[in-house]
*Asks:* 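Structure below; questions to follow.
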Amino acid sequence: MHEFSWHGTDPANKTRLVPNSWKFRNLKVVPDQFYYNVEEVRTFDDALVKVKLMLFYELSDIELMLQQTRDPIADMANGLTADVIAFASQLTYEEFLEKTGELNILESYPQLLARAKSNGYHVSKVVYRGYQAPQRLQNMHDDANRTRTQLKLSVEQEEQQQDMTDMKLEAELQSMKMEHKLKIQQVEHSRKIEL
């Protein structure tokens, strides 16, 4: 009887996989999942983040799995890592934050899907569970958001003040036009009376 020895979940940290920690003899063929954090993902502008994921998978071809891999969990973790690094490396930190929703889309993981399929597995879903940035970077991001919000509010306030000034000037102009029109009518009326 074959004994399998695969990467398994670290009992002290459910998002970390430990080599050879999952030992078993009976192969599971029911759907399963694991949590995984991709550490030290570097964006295009050199920001480092940790990307938190959950992977849902199912063994679909036992013979193919036995022929192609000794540790399909490690292979899937490596595929996840490669795809997340490829995704983030094309984006600045701000762009990465804007596009994290795409990490819930299976098509964002071509290397994972190809590797899983070649090992006899079907990946049904990848769930993006968030990211974690170093505190210094997170503080800078929060400060930038606050500054952007303050600037936006200042611009809106300035626009409102300008609109109010424009409205007052328009009212004064209309009033002056009306006064001018009345004076012209008075002058014309006075001329008619003199004639």
Side-chain angles (χ1 to χ4, degrees), residues 13-16 33-56 76-114 123-195:
N13 179 354
K14 72 177 182 179
T15 63
R16 189 169 163 268
Q33 80 282 329
F34 64 86
Y35 292 93
Y36 189 65
N37 289 349
V38 183
E39 305 279 345
E40 297 187 7
V41 176
R42 190 172 297 277
T43 62
F44 184 74
D45 55 355
D46 285 332
L48 280 177
V49 294
K50 176 193 305 184
V51 178
K52 303 174 181 182
L53 303 167
M54 186 172 186
L55 174 79
F56 294 82
M76 287 188 274
N78 288 335
L80 273 174
T81 299
D83 288 325
V84 168
I85 288 171
F87 175 83
S89 69
Q90 304 299 311
L91 306 170
T92 65
Y93 179 69
E94 291 292 326
E95 292 168 337
F96 171 78
L97 296 181
E98 291 171 9
K99 295 185 177 205
T100 55
E102 292 178 24
L103 292 172
N104 284 312
I105 301 169
L106 271 178
E107 289 73 23
S108 297
Y109 302 94
Q111 295 177 74
L112 165 68
L113 295 175
V123 174
S124 59
K125 184 178 3 177
V126 176
V127 176
Y128 168 71
R129 299 175 32 251
Y131 77 98
Q132 185 176 354
Q135 195 58 48
R136 181 184 53 79
L137 180 60
Q138 191 62 48
N139 289 344
M140 287 172 46
H141 177 68
D142 293 345
D143 289 346
N145 279 340
R146 269 192 293 281
T147 301
R148 249 192 314 276
T149 300
Q150 288 171 344
L151 287 173
K152 190 174 179 181
L153 290 173
S154 294
V155 166
E156 288 175 5
Q157 185 178 12
E158 185 65 35
E159 287 173 350
Q160 287 175 350
Q161 287 176 344
Q162 187 62 47
D163 289 346
M164 183 64 84
T165 302
D166 290 349
M167 196 170 71
K168 286 179 182 177
L169 288 173
E170 182 64 32
E172 285 179 27
L173 181 62
Q174 290 302 322
S175 178
M176 289 172 62
K177 284 182 179 178
M178 187 62 98
E179 283 179 27
H180 182 64
K181 186 176 178 182
L182 286 174
K183 284 188 181 187
I184 290 175
Q185 287 176 348
Q186 284 176 345
V187 168
E188 286 177 356
H189 183 68
S190 296
R191 280 190 186 159
K192 284 183 184 178
I193 293 178
E194 290 178 3
L195 290 174

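We number each residue from 1, following the sequence as shown.
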*Asks:* Hey, is CD on Glu40 packed in by over 12 heavy atoms from elsewhere, all under 6.0 Å?
*Replies:* no
*Asks:* Search all heavy atoms of Val41 against all heavy atoms of Ala88 and return the closest pair with its distance.
*Replies:* CG1-CB, 3.3 Å
*Asks:* Measure the shortest side-chain to side-chain distance between Met76 and Tyr36 over non-hydrogen atoms and say whether it is less than 4.5 angstrom.
*Replies:* no
*Asks:* What are the two closest heavy atoms between Ser108 and Glu102, and how far apart are they?
*Replies:* OG-O, 2.6 Å
*Asks:* Donor-acceptor pair, Ser175 side chain versus Ala171 backbone, under 3.5 Å?
*Replies:* no
*Asks:* Under the side-chain contact (heavy atoms from CB on, under 4.5 Å) rule, what do Leu97 and Tyr131 come out as? Steps first, then yes or no, please.
*Replies:* CA-CA 9 Å; Leu97 296 181; Tyr131 77 98; 3.3 Å; yes
*Asks:* For Phe34, check ring pair (Phe, Tyr, Trp, His ring centres under 6.0 Å) against everything at least two apart and list the hits.
*Replies:* Tyr57
*Asks:* Taking all non-hydrogen atoms of both residues, which atom of Glu95 and which atom of Leu91 are closest, and how far apart?
*Replies:* OE1-CA, 3.4 Å
*Asks:* Applying side-chain contact (heavy atoms from CB on, under 4.5 Å), run through Tyr128 and Leu53 and close with a yes or a no.
*Replies:* CA-CA 5 Å; Tyr128 168 71; Leu53 303 167; 4.2 Å; yes
*Asks:* Do we see a donor-acceptor contact under 3.5 Å between the side chains of Glu156 and Gln160?
*Replies:*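 Their side chains do not contain a donor-acceptor pair, so the 3.5 Å distance test is not met.
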*Asks:* Once rounded to the nearest 0.5 Å, what's the spacing between atom CE of Met167 and atom CD of Gln162?
*Replies:* 12.5 Å
*Asks:* Quick one: OG1 on Thr100 to NZ on Lys52, what's the gap to the nearest 0.5 Å?
*Replies:*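 Nearest 0.5 Å value for the OG1-NZ distance: 13.0 Å.
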*Asks:* Do Tyr109 and Leu103 touch side chain to side chain, with heavy atoms closer than 4.5 Å?
*Replies:* yes
*Asks:* For Asn37, does its backbone N or O pair with a side-chain atom of Thr15 as donor and acceptor, under 3.5 Å?
*Replies:* no
*Asks:* Once you round to the nearest 0.5 Å, how far does CE of Met176 lie from CD of Glu172?
*Replies:* 8.0 Å
*Asks:* Is the shortest heavy-atom distance from the side chain of Val126 to the side chain of Leu55 under 4.5 Å?
*Replies:*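 Of all side-chain heavy-atom pairs linking Leu55 with Val126, at least one is under 4.5 Å.
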*Asks:* Keeping the roles fixed (side chain from Asp45, backbone from Thr92), state whether a donor-acceptor pair exists under 3.5 Å.
*Replies:* no
*Asks:* For the CG atom of Leu173 and the CG atom of Asp166, what is their distance to the nearest 0.5 Å?
*Replies:* 12.0 Å
*Asks:* Determine, step by step, whether Phe96 and Phe44 satisfy the side-chain contact (heavy atoms from CB on, under 4.5 Å) criterion, reporting the C-alpha distance in whole Å, the side-chain angles of both residues, the deciding distance to 0.1 Å, and the verdict.
*Replies:* CA-CA 9 Å; Phe96 171 78; Phe44 184 74; over 6 Å; no
*Asks:* Can you tell me how far CD of Gln186 sits from NZ of Lys183, rounded to the nearest 0.5 angstrom?
*Replies:*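 Reported value, rounded in 0.5 Å steps: 8.0 Å.
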*Asks:* Check this for me: Phe56, atom CZ, are more than 12 non-hydrogen atoms of other residues, nucleotides or ligands nearer than 6.0 Å?
*Replies:*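 For Phe56, atom CZ is crowded (more than 12 foreign heavy atoms under 6.0 Å).
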